Amino acid sequence: MIKIVKEISAEKLCEVIVEGMQDNKAEDIVVIDLREVESAVTDFFVIASGESTTQVDGIANAVVRSTRKTLKEKPWHQEGKNSAQWVLLDYVNVVAHVFHKDVRDYYELEDLWADGKKRQIANL
């Protein structure tokens with residue numbers, strides 16, 4: 001039996017990740033295009049905030065459900081699920097960061113990758 005591998009574009013993956021975040025009312029969603037940044041570790045960062053650890057965990061779970069259901073994709077690696085202060089979902093060419101609002105303000109990840117092209121997603 002031959003297994004057919006279907007490659008999903010990073011842009012489509014970003015779109016589905018954003019939809020998953022919006023399903024759980026994530027706030028201040030930003031997509032950072034890092035494809036033209038020389039030292040970038042991935043193509044895109046998708047960053048969002050939650051008001052509580054429960055909401056951060058819920059947003060992360062919604063992203064995983066959304067990518068599995070829509071694209072049959074799952075994260076290659078996950079970090080931060082235990083504390084739910086900063087959950088990282090690594091899809092290799094797209095990395096989703098779900099922060100507790102205060103933690104996001106502290107780390108200022110968007111400023112660290114200021115060379116990337118930022119696109120702000122409106123809150124629902």
Side-chain angles (χ1 to χ4, degrees):
M1 175 179 242
I2 298 172
K3 184 176 183 179
I4 298 172
V5 177
K6 177 178 71 167
E7 188 167 322
I8 296 161
S9 74
E11 292 88 353
K12 180 64 178 170
L13 184 55
C14 282
E15 182 182 311
V16 173
I17 288 171
V18 167
E19 289 171 5
M21 290 174 168
Q22 290 175 324
D23 285 346
N24 264 39
K25 297 182 179 23
E27 297 176 351
D28 303 321
I29 301 171
V30 175
V31 177
I32 304 176
D33 184 343
L34 300 169
R35 292 176 290 185
E36 295 180 18
V37 177
E38 191 173 313
S39 60
V41 295
T42 189
D43 291 341
F44 292 92
F45 276 168
V46 183
I47 304 170
S49 300
E51 292 286 330
S52 66
T53 56
T54 303
Q55 186 182 18
V56 168
D57 189 49
I59 294 166
N61 289 336
V63 168
V64 171
R65 276 193 312 273
S66 182
T67 57
R68 277 195 181 154
K69 179 180 177 186
T70 306
L71 303 174
K72 308 292 188 259
E73 285 285 321
K74 61 181 181 176
W76 173 74
H77 183 72
Q78 296 183 49
E79 288 186 26
K81 292 284 287 173
N82 291 338
S83 67
Q85 295 287 318
W86 176 359
V87 177
L88 179 140
L89 303 170
D90 186 349
Y91 288 89
V92 181
N93 57 347
V94 179
V95 178
H97 299 270
V98 184
F99 284 97
H100 187 283
K101 190 171 87 171
D102 297 335
V103 176
R104 182 176 180 175
D105 292 342
Y106 179 79
Y107 284 104
E108 298 178 338
L109 192 60
E110 291 98 325
D111 293 339
L112 290 175
W113 293 98
D115 293 345
K117 295 177 188 168
K118 294 180 192 167
R119 181 169 53 104
Q120 187 78 34
I121 308 297
N123 291 338
L124 293 182

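Keep in mind the model is a prediction, meaning the values are calculated, not measured. When a residue number appears, it is its place in the shown sequence, counting from 1.
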Answer yes or no: is there a donor N or O on one side and an acceptor on the other, between the side chain of [X] and the main chain of [Y], under 3.5 Å?
| X | Y | result |
| --- | --- | --- |
| Ser49 | His100 | no |
| Asn61 | Asp57 | yes |
| Glu51 | Glu27 | no |

Exercise: identify the closest heavy-atom pair between Glu108 and Asp105: CG-O, 3.1 Å

Least distance between heavy atoms, Lys81 atom then Ala60 atom: NZ-CB, 4.3 Å

Give a yes or no on whether [X] and [Y] share a hydrophobic cluster (residues Ile, Leu, Val, Met, Phe, Trp, Tyr; joining criterion: side-chain heavy atoms under 4.5 Å apart).
| X | Y | value |
| --- | --- | --- |
| Leu34 | Val31 | no |
| Val87 | Val63 | yes |
| Tyr91 | Val56 | yes |
| Ile121 | Val30 | no |
| Val46 | Phe99 | no |

More than 12 heavy atoms of other groups within 6.0 Å of Asn82 CG: no

Cut-off 3.5 Å, no hydrogens considered: what does the side-chain donor-acceptor table look like for residues 17-24, sequence neighbours left out?
{"unit_1": "Asn24", "atom_1": "ND2", "unit_2": "Gly58", "atom_2": "O", "d": "3.0"}

I'd like a table of donor-acceptor pairs (distance under 3.5 Å, sequence neighbours excluded) in which one partner is a side-chain atom from residues 111-120, with atom names and distances.
{"unit_1": "Lys117", "atom_1": "NZ", "unit_2": "Glu36", "atom_2": "OE2", "d": "3.3"}
{"unit_1": "Lys118", "atom_1": "NZ", "unit_2": "Glu110", "atom_2": "O", "d": "3.3"}
{"unit_1": "Gln120", "atom_1": "NE2", "unit_2": "Ile29", "atom_2": "O", "d": "3.4"}

Ring geometry between Tyr107 and Trp86 (parallel below 30°, tilted from 30 to 60°, perpendicular above 60°):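 Tilted, since the angle between the ring planes falls between 30° and 60°.
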
Salt bridge (charged side-chain N to carboxylate O under 4.0 Å, His left out) partners of residues 83-100, not counting sequence neighbours, each pair once: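 For residues 83-100: none.
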
Between [Y] and [X], is there a side-chain heavy-atom distance shorter than 4.5 Å?
| X | Y | result |
| --- | --- | --- |
| Val94 | Asp43 | no |
| Lys74 | Val64 | no |
| Val95 | Leu88 | yes |

Those residues that, when tested against Phe44, pass ring pair (Phe, Tyr, Trp, His ring centres under 6.0 Å) (two or more places apart):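 Ring pair (Phe, Tyr, Trp, His ring centres under 6.0 Å) check on Phe44 returns nothing, list empty.
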
Inter-residue atom distance Leu13.CG - Asn93.CG, 0.5 Å rounding: 6.0 Å

Between CG on residue Asn123 and NZ on residue Lys25, distance to nearest 0.5 Å: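 Asn123 CG to Lys25 NZ: 11.5 Å, rounded to 0.5 Å.
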
Residue pairs fulfilling ring-ring contact (aromatic ring centres under 6.0 Å, His included) with at least one residue in residues 8-37, sequence neighbours excluded: none

With sequence neighbours excluded, residues passing side chain to side chain contact (heavy atoms under 4.5 Å, CB included) with Lys12: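 With sequence neighbours excluded, Lys12 shows a side chain to side chain contact (heavy atoms under 4.5 Å, CB included) to Ile8, Ser9, Glu15, Val16, Leu71, given in chain and number order.
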
